[in-house]
Amino acid sequence: MEKGTWEIKKGFAEMFKGGVIMDVTTAEQARIAEQAGAVAVMALERVPADIRKAGGVARMAKISKIKEIMEAVSIPVMAKVRIGHIVEARILEAMGVDFIDESEVLTPADDKYHIDKHNFSVPFVCGARNLGEALRRIAEGAAMIRTKGEAGTGNIVEAVKHMRTVMSEIRRVQGMPFEELATYAKEIQAPVELLQKIKELGRLPVVNFAAGGVATPADAALMMELGADGVFVGSGIFKSKDPEKMARSIVMAVTYWSDPEMLLKVSEDIGEPMDGLEIETLEVKLQERGW
Ligand SMILES: O=C(CO)[C@H](O)[C@H](O)COP(=O)(O)O
């Protein structure tokens, strides 16, 4: 099969729809994620709550760590690179990871430019807080979008804000006559061709997951209710008191997000969720990285 075409990259991301992608830092965590029913894992050095706590520069995970995770599971393995770090991305592509996340959770390598993702065979996912940001990333070649939220806080409010923003901007585009699209494209700094596509499809042209701050099964189901195609969870699982239970319950909640009886059942026995942080108290907002 031809490798690395736009259709293949985009189609691969579509296979994750309705699923949960879990951040993992060890082979052991990757196995927990796979057994819980994650559709993919994201290899990184530390989960966002720990990155936030430790401060300093957060980079691509150690090669040995990523290899260990790739060997431990049969589901796809994603890994993060710093925004604009072309070489970290080339290294991950050479390793054969399945997907790259050009992520604001790591310290940016470039304060102006994101990676030209068309230059890679491996597909990329990128974060966005609004439609303009999502479309700029897609124009650069991202085959999947995730709303940013505020990673590592266990606070769902920013994830909700970003998903609601993207969805309401899509609805606005749907109602716009064609002659207004060019001006709106200029306003949100997005290519007009992509806005035309959105008007046609009534959604983003790639899969859009929610991320950043999911800490309970109810949080995960809320993001599905708001229109997410699936959910990324990191700290919410591995900073909870019982990661195995929490991972399983979050997967169930994403599958049965519209069934309150089922949500009640899967929310009953999850152990203690991670501690949460108020957004107003944060010194660093990861969501502000990238543009
Ligand atoms: O950047 C990500 C998506 O790839 C993180 O996995 C996600 O944002 C995790 O956030 P949290 O730790 O709050 O669940």
Side-chain angles (χ1 to χ4, degrees), residues 13 16 19-25 29-30 33 38-54 58-61 66 69 76-83 89 92 97-108 123-129 133-134 137 142-163 207-220 222-223 228-240 243 246-247 250-251 253-254 273-279 282 284-290:
F16 299 133
V20 180
I21 301 175
M22 297 182 194
D23 283 358
V24 297
T25 61
Q29 289 184 352
V39 289
V41 289
M42 171 79 71
L44 72 172
E45 197 81 39
R46 286 165 283 161
V47 290
D50 289 333
I51 292 178
R52 188 178 284 289
K53 206 182 280 174
R59 312 181 180 94
M60 174 183 83
I66 302 171
I69 290 166
V77 175
M78 302 182 163
K80 286 185 193 295
V81 299
R82 285 175 270 178
I83 290 175
L92 288 185
V97 301
D98 297 294
F99 233 97
I100 295 178
D101 184 2
E102 187 182 19
S103 178
E104 72 285 352
V105 166
L106 305 185
T107 309
F124 279 72
V125 54
C126 287
R129 290 186 290 177
E133 194 174 6
R137 298 294 83 79
M144 178 175 185
I145 293 294
R146 54 173 175 77
T147 45
K148 286 178 171 174
E150 189 56 41
T153 58
N155 189 338
I156 198 65
V157 68
E158 297 298 294
V160 167
K161 189 196 293 174
H162 300 160
M163 187 57 72
V207 164
N208 182 26
F209 271 43
V214 172
T216 64
D219 287 349
L222 173 62
M223 297 318 299
D229 290 317
V231 176
F232 282 92
V233 191
S235 322
I237 291 173
F238 291 105
K239 301 308 279 181
S240 73
M246 186 62 88
I250 287 180
V251 168
V254 167
M274 72 177 281
D275 293 335
L277 294 172
E278 286 282 2
I279 303 300
L282 302 178
V284 177
K285 284 197 187 156
L286 303 178
Q287 60 175 279
E288 286 167 1
R289 297 164 168 182

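All heavy atoms count here, side chains included; hydrogens, waters and symmetry mates do not. Counting starts at 1 for both ligands and their atoms, in listed order. All values reported here derive from a predicted model rather than from experimental measurement.
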For ligand 1, protein residues within the heavy-atom limit of under 4.0 Å are Asp23, Met42, Pro48, Lys80, Asp101, Ser103, Val105, Arg146, Ala151, Gly152, Ala211, Gly212, Gly213, Phe232, Val233, Gly234, Ser235

Charged N-O contact under 4.0 Å between Glu150 and Arg52:
yes

Side-chain touch Lys80/Met42, heavy atoms, less than 4.5 angstrom
yes

Once you round to the nearest 0.5 Å, how far does OG1 of Thr147 lie from CZ of Phe232?
9.5 Å

Once rounded to the nearest 0.5 Å, what's the spacing between atom CD of Glu288 and atom CG of Leu282?
9.5 Å

Got Val207 and Phe16 here, is their nearest side-chain heavy-atom distance under 4.5 Å?
no

Starting at CD of Gln29, measure out to CE of Met22 and round the result to the nearest 0.5 Å.
11.0 Å

